[in-house]
Amino acid sequence: MPIEVNVTKKYGDFELMIQAAIGNGITGIFGPSASGKSTLLNCIAGFEDPDDGLITLNSKTVFSSRAKTNVSPEKRRVGYVHQHSALFPHLTVKKNLEFGYNLTEKYRRVGDLEDIVHLLQLEQIMDRGVINLSGGERQRVALARSLAASPDLLLLDEPLASLDMPFRGFILEKLREVSRGWNLDMIYVSHSVSEMIALADSVIVIRDGMKVVEGNSSLLLNNSSVADYVDYASFENILHGVVDGSVDQNVSTLTIGDVKLITPKLTSEKGKQVTISIKASDIIVSKYPPVAISARNILKVSITNINHSENPTFIRCETGGCILTAALTMQSVSDLGLRVSDEVYLIIKANSVTPMELY
Ligand code: ADP
Ligand code: MG
């Protein structure tokens, strides 16, 4: 759904002043704390009124200071999930989901309640009261409740910020699935470059209320305007794969594109989707085929991008539909004489692969 935003909103010394056209798919909003990310989302959802400007959702004006238009949040058909999403505390999970579902006219419904419950694996907790849920369960319920209302647009404001690894992986996988399968556009706010690159089709970087740069999410790894507040050392590759099988009692194989990756033992059955993470700094790059080496994964890849500007240097590699980024020191890159389109070997220990499975 095309979205146009051209707004200003002042809070004391802070002023949001954004002009942006947001296209289809998943758009990331990235920026340091207090840069105005949540304010922007609140203006789009209708929870805050801009001081001035225009917002259109799918060519329909929902806010215009000039025309004095201000469509109420319920009528904007926008779903909203944030870090501490509010559920109805006195109701069960089931009743929370039914609330959104029953508010939506039949002809607008995209997914059945049953499908949503199945998608987010909520079957076991449907009758629980929502105050007894863990953080990960809450966020799954919050996402399910938003989806149950069949929104035209889903806003996600750091929905994974307080969650542990497996829950993050599960929700990332589901967001991707829903975005493609339901053709549901999303705006995703996060501090995490790893999540952005794994999920967002494009990204808008904002700072002090203003748009700094926008483009493909990979710009976050090589743009000087974000370099001073990104923790590059923690960058991880978040990848979605399909369980292929077990090799022995300690390791499994996962298919990502045409690549088979040996991972620690997975609990999911063959054919199930699993998200994994590999730290960029755990990947070793070799110019020649390594021999007699204990690491279980040796992937022949070609280098598609080298970010020369920062330390660490990120080497983006690709093979058979699988994209992996390795973090190297500048010294290593120059010692090895690495260049874009070189073929190299990535060495990854099975134990450097972290499964993000729910169970
Ligand atoms: P971010 O989500 O990027 O961390 P916010 O949009 O929450 O940033 O906040 C941007 C700035 O606006 C901050 O300085 C914040 O204190 C201020 N702000 C946000 N909401 C309000 C509000 N309702 N009243 C007063 N100031 C606010
Ligand atoms: Mg915020």
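The chain is numbered in sequence order, starting from 1. Just follow the structure's listing: the first ligand is 1, and inside any ligand the first atom is 1.
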So, does [X] use its side chain to make a donor-acceptor pair with the main chain of [Y] at under 3.5 Å?
X: Asn6; Y: Gly53; value: no
X: Arg76; Y: Asp152; value: no
X: Asp51; Y: Lys10; value: yes
X: Asn297; Y: Ile348; value: yes

*Can you check whether Phe314 and Phe235 have ring centres sitting under 6.0 Å from each other?*
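Judged by ring-centre distance (under 6.0 Å), Phe314 and Phe235 do meet the cut-off.
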*Which atoms of ligand 1 sit under 4.0 Å from any heavy atom of Ser33?*
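It comes down to these atoms of ligand 1: 4 (O).
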*Determine, considering heavy atoms only, which of Ile206, Thr39, Leu16 sits nearest to atom 9 (O) of ligand 1.*
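Nearest option to atom 9 (O) of ligand 1, by heavy atoms: Thr39.
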*For the Mg ion (ligand 2), decide whether Ser38 has an N, O or S atom at a distance under 2.8 Å.*
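Yes, Ser38 qualifies, because one of its backbone or side-chain N, O or S atoms lies under 2.8 Å.
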*If you have a sec, work out which protein heavy atom is nearest atom 4 (O) of ligand 1 and how many Å separate them, to one decimal?*
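Closest protein heavy atom to atom 4 (O) of ligand 1: Ala34 N, 2.7 Å.
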_Heavy-atom nearest neighbour in the protein, as seen from atom 25 (C) of ligand 1, with distance rounded to 0.1 Å_ =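 That would be Tyr11 CD2, 3.5 Å.
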*asked:* As a test of the contact definition, would atom 15 (C) of ligand 1 count as having a protein heavy-atom neighbour under 4.0 Å?
replied: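 No, there is none.
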*Mark whether atom 2 (O) of ligand 1 lies under 4.0 angstrom from at least one protein heavy atom.*
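So far as the 4.0 Å threshold goes, atom 2 (O) of ligand 1 is in reach of a protein heavy atom.
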